Structure formats: structure tokens, C-alpha cells
Amino acid sequence: MATQRDDTPPRSTPAPSLKMTAREVKVRYGEKEALHGINIDIPENEVLSLIGPSGCGKSTFLRCLNRMNDSIENAVVTGTITLDGEDIYDRQLDVVQLRARVGMVFQKPNPFPKSIFDNVAYGPRIHGMTTRRDELEGIVQQSLESAGLWKEVKDRLAEPGTGLSGGQQQRLCIARAIAVNPEVILMDEPCSALDPIATAVIEELIDELRRNFTIVIVTHNMQQAARVSQKTAFFHLGDMVEHSPTEEIFTNPRDERTQGYITGRFG
Ligand code: ADP
């Protein structure tokens with residue numbers, strides 16, 4: 001039997017869709033401008049690392065992405081940030097909902113002084129995601145599984161979250177963020193308080209989480225950025241100097257400030 005020839009042109013891989021965008025984002029703390037107009041696209045299901053010397057505005061920018069700067073009294077944010085094309089600074093927008101969609105994990109693991117179970121169940125409870133105990137248990141288990149912690153804690157869910165090791169606590173905080181079904185997870189130096197082994201576990205986890213979430217991570221560790229992220233943005237003195245595929249930024253930086261930083265000339 002003659003085989004039919006397929007004349008359709010090979011399909012190219014579709015460009016990933018943009019989960020978030022920032023346009024001309026400026027932040028002032030009182031008189032002092034900390035970000036001078038940041039423009040960046042954040043594609044879905046990728047990890048974006050923000051690197052740069054201390055005080056250059058990485059955390060400030062990260063906090064813009066879920067309006068955490070709203071709670072800093074003297075901070076003024078201007079410009080436009082979108083999530084799925086919607087302006088997240090729109091007055092109509094519910095900030096509590098936004099922070100469920102764009103979750104955050106902090107530098108120091110900060111579990112609540114509650115049981116492991118209640119730490120993860122906290123978000124689903126306050127967002128009224130379910131009133132059924134079995135469903136809640138399902139969400140808690142799934143979140144702990146996604147955070148790579150289930151096997152280690154499944155027999156001690158009633159014990160305090162604060163009794164876990166540092167690395168486990170950070171994975172518990174990741175599970176807590178995951179439990180409310182976020183689309184984006186922001187991580188502000190999530191491994192800086194952890195030892196190298198716990199750090200490696202979190203880095204592997206970040207790579208897995210990318211399948212279901214979009215991740216933006218601030219890190220002062222360039223090797224970490226190289227290991228975990230597809231894109232890297234280099235910040236310097238409140239500007240975003242360069243934003244490229246991670247491999248490119250570390251092997252062939254375009255700007256001499258980036259080059260100076262990654263070769264350790266300053267930082
Ligand atoms: P990075 O994360 O790169 O270390 P930050 O975003 O923390 O940088 O800080 C950027 C600049 O904004 C720094 O000069 C810092 O001192 C200033 N800054 C950060 N937070 C505040 C704040 N709450 N009030 C006043 N200035 C701040």
C-alpha cells in the first residue's frame with residue numbers, strides 16, 4: 001500500500017504565552033526612586049531569575065508583582081503590570097484574590113505556629129475553597145506532594161510546622177503557597193537560610209514546579225540562577241540592564257555592567 005505523503009510544513013514550537021508583563025514600572029520610597037522604569041515579559045511555565053548587587057531593586061520589583069508594596073507606607077508604584085493581560089493595579093481588582101493567584105515564598109521560612117496540616121489548609125480555608133473535610137485533606141496532601149514534602153510528613157500532620165528542619169519548613173511554605181492554586185509563585189531568596197543539601201532539594205523542586213506554575217525568583221547566587229531558570233534579568237541601581245535566556249546572560253552578556261557582575265568585578 002502506498003503511503004501518503006504529508007506535505008504540511010513542520011509545525012514550529014509555539015511561543016510560550018506571556019503570564020505577566022511590566023511596563024515602565026517605577027517605585028519610589030518617599031523621595032527616593034528605587035526602580036527607574038522596568039520593562040519585562042514573563043512567559044508562562046518558565047523560571048525567571050532576578051539577579052544583581054544588593055540594593056539594586058530586585059525585591060522591590062518582585063513585590064510589585066503581587067502588590068506587596070501596597071503595605072509599605074511610603075512606597076509609590078507607577079507603570080503597568082499585567083497578569084493574563086489584566087492590569088493588576090486596576091482599582092476594581094481584589095488584592096486578596098491577586099495574592100492567591102500570585103503567591104509568595106520568603107527568604108526565611110515562616111510557617112505559622114500551627115500544625116503542618118493547618119499551615120497548608122490555612123489558605124484554602126480563608127478563601128472558602130471547600131467546607132468538606134475530605135476535600136480539604138485532599139488539597140493538603142496534593143500540595144504537600146507537589147512541594148516534595150508529603151512522604152516526610154504524612155505521619156505527623158498534627159505536629160507543629162515549626163518543628164521541621166529549615167529546608168522542610170521552606171517546602172511547607174511552598175506547599176502553603178500552592179494550596180490556593182496560584183498561577184505564579186514569587187520567591188525571594190528562598191534558599192538563603194538553607195544548607196547546600198536543602199538548597200539542592202528546593203532547586204530540584206523549582207524545576208518540577210515550572211510544569212504547573214510560572215516562577216520568579218530573586219537570588220544572589222548566580223550558580224542558582226544558572227541552574228534553575230530559563231530567563232535571567234540583571235538589575236543594577238534600579239534599572240534592568242539585561243534580560244536574556246539564562247545561558248546567554250552567563251556566557252555572552254551584552255552589557256558590560258552584567259559582565260562585570262557575573263565575572264565578580266563588583267557585587
Ligand atoms: P535588592 O532586593 O536588590 O537588595 P531592594 O529592592 O531591597 O534591593 O532595595 C532597593 C532600594 O530601595 C535600596 O536602596 C533600598 O534601601 C530601598 N528600599 C527598599 N525597601 C525600602 C523601604 N521599605 N523603605 C525605604 N527604602 C527602601
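This is a predicted model, so every value here is computed, not measured.
- Crowding of Glu247 atom CD: a count of heavy atoms from other residues, nucleotides or ligands under 6.0 Å not exceeding 12.
- The shortest heavy-atom contact between Ser115 and Ala158 is CB-O, 3.5 Å.
- Ile215 and Val184 fall into different hydrophobic clusters, where Ile, Leu, Val, Met, Phe, Trp and Tyr residues are linked whenever their side-chain heavy atoms come under 4.5 Å apart, directly or through other members.
- No hydrogens or angles considered: nothing links the side chains of Asn66 and Arg99 as a donor-acceptor pair under 3.5 Å.
- Each of Leu209, Val228, Leu62 was compared with Met187 under the side-chain contact (heavy atoms from CB on, under 4.5 Å) criterion, and only Leu209 meets it.
- Residue Glu145 qualifies as enclosed at atom CD: its count of foreign heavy atoms under 6.0 Å is above 12.
- Counting only N and O atoms by type, the side chains of Thr219 and Ser49 include no donor and acceptor under 3.5 Å apart.
- Looking at heavy atoms from C-beta onward, Ile249 lies out of side-chain contact with Ile262 at the 4.5 angstrom threshold.
- Using a 4.5 Å cut-off on side-chain heavy atoms (C-beta onward), Leu50 and Phe61 make contact.
- Here the CG-CG distance, from Asn119 to Leu164, works out to 8.5 Å after rounding to the nearest 0.5 Å.
- When only modelled atom types and interatomic distance are considered, Thr258 and Glu242 share a side-chain donor-acceptor pair under 3.5 Å.
- With respect to the salt-bridge test (charged N to carboxylate O, under 4.0 angstrom), the residues Lys231 and Glu46 qualify.
- Listed for the Lys58 side chain is a donor-acceptor partner under 3.5 Å among the backbone atoms of Gly52.
- Neither Ile81 nor Val95 shares a network with the other; the hydrophobic side chains, linked directly or stepwise wherever heavy atoms of I, L, V, M, F, W or Y lie under 4.5 Å apart, form separate groups for each.
- Of the inter-residue distances, the one linking Met129 atom CE with Ile139 atom CD1 reads 4.0 Å to the nearest 0.5 angstrom.
- If you take CD on Gln169 and CG on Leu149, they are separated by 10.5 Å, rounding to the nearest 0.5 Å.
- Summarising the geometry of Ile88 relative to Cys64, their closest heavy-atom pair is CD1-O, 3.5 Å, with the distance given to 0.1 Å.
- The minimum heavy-atom distance linking Leu237 with Cys56 is given by the pair N-CB, 3.6 Å.
- No more than 12 heavy-atom neighbours from other residues, nucleotides or ligands sit within 6.0 angstrom of CZ on Arg28.
- Side-chain contact between Phe213 and Pro182 is present, with at least one heavy-atom pair separated by less than 4.5 Å.
- Of the N and O atoms on the side chains of Gln141 and Glu137, not one donor lies less than 3.5 Å from an acceptor on the other residue.
- Within the structure, the side-chain hydrogen bond (donor to acceptor under 3.5 Å, both in side chains) test picks out the following pairs touching residues 182-205 (sequence neighbours left out): Lys19-Glu183, Ser59-Asp188, Arg101-Glu183, Gln107-Ser192, Glu189-His220, Glu203-Gln224, Glu203-Arg227.
- When atom types are taken as modelled, the side chain of Asn45 and the backbone of Arg211 share a donor-acceptor pair closer than 3.5 angstrom.
- The line from CG of Asp87 to CZ of Arg23 is 12.5 Å long, rounded to the nearest 0.5 Å.
- Looking at heavy atoms from C-beta onward, Phe234 lies out of side-chain contact with Met240 at the 4.5 angstrom threshold.
- By the 6.0 Å and 45° rule, Arg176 stacks over the aromatic ring of Phe112.
- Residues Leu35 and Phe235 are in side-chain contact: their nearest non-hydrogen atoms beyond the backbone lie under 4.5 Å apart.
- Cys173 and Val105 get closest at one heavy-atom pair: O-CG2, 4.3 Å.
- We find the CD-CZ distance between Glu208 and Arg210 to be 11.0 Å, quoted to the nearest 0.5 Å.
- Residues Glu33 and Val27 have side chains not in contact (no heavy-atom distance under 4.5 Å, counting atoms from C-beta outward).
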Next on the checklist: side chain to side chain contact (heavy atoms under 4.5 Å, CB included) for Lys26 and Val76? Distances and angles first, verdict last.
Outcome noted: CA-CA 8 Å; Lys26 296 184 181 176; Val76 179; over 6 Å; no

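- Here the closest heavy-atom approach between residue Leu205 and residue Ser146 is recorded as CD1-O, 3.1 Å.
- Counting all heavy atoms, side chain and backbone alike, Ile40 lies closest to Leu48 at CD1-CD2, 3.9 Å.
- Within the structure, no pair that satisfies the ring pair (Phe, Tyr, Trp, His ring centres under 6.0 Å) test touches residues 145-185, not counting sequence neighbours.
- Put simply, the side chain of Thr214 reaches to within 4.5 Å of the side chain of Ile42, judged on heavy atoms.
- Note: Asp94 CG to Gln92 CD = 11.0 Å, rounded to the nearest 0.5 Å.
- The closest donor-acceptor contact from the side chain of Gln230 to the backbone of Val47 lies under 3.5 Å.
- A side-chain donor-acceptor contact under 3.5 Å links Ser244 and Arg254.
- By the neighbour-count criterion of 12 heavy atoms within 6.0 Å, atom OH of Tyr29 is densely surrounded, having more than that number from other residues, nucleotides or ligands.
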Next on the checklist: Working note: Thr232 + Ile51, criterion side chain to side chain contact (heavy atoms under 4.5 Å, CB included); need CA distance, chi angles, decisive distance, verdict.
Outcome noted: CA-CA 7 Å; Thr232 296; Ile51 63 165; 3.7 Å; yes

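- Looking only at side-chain heavy atoms (C-beta outward), Ile217 and Pro190 come within less than 4.5 Å of each other.
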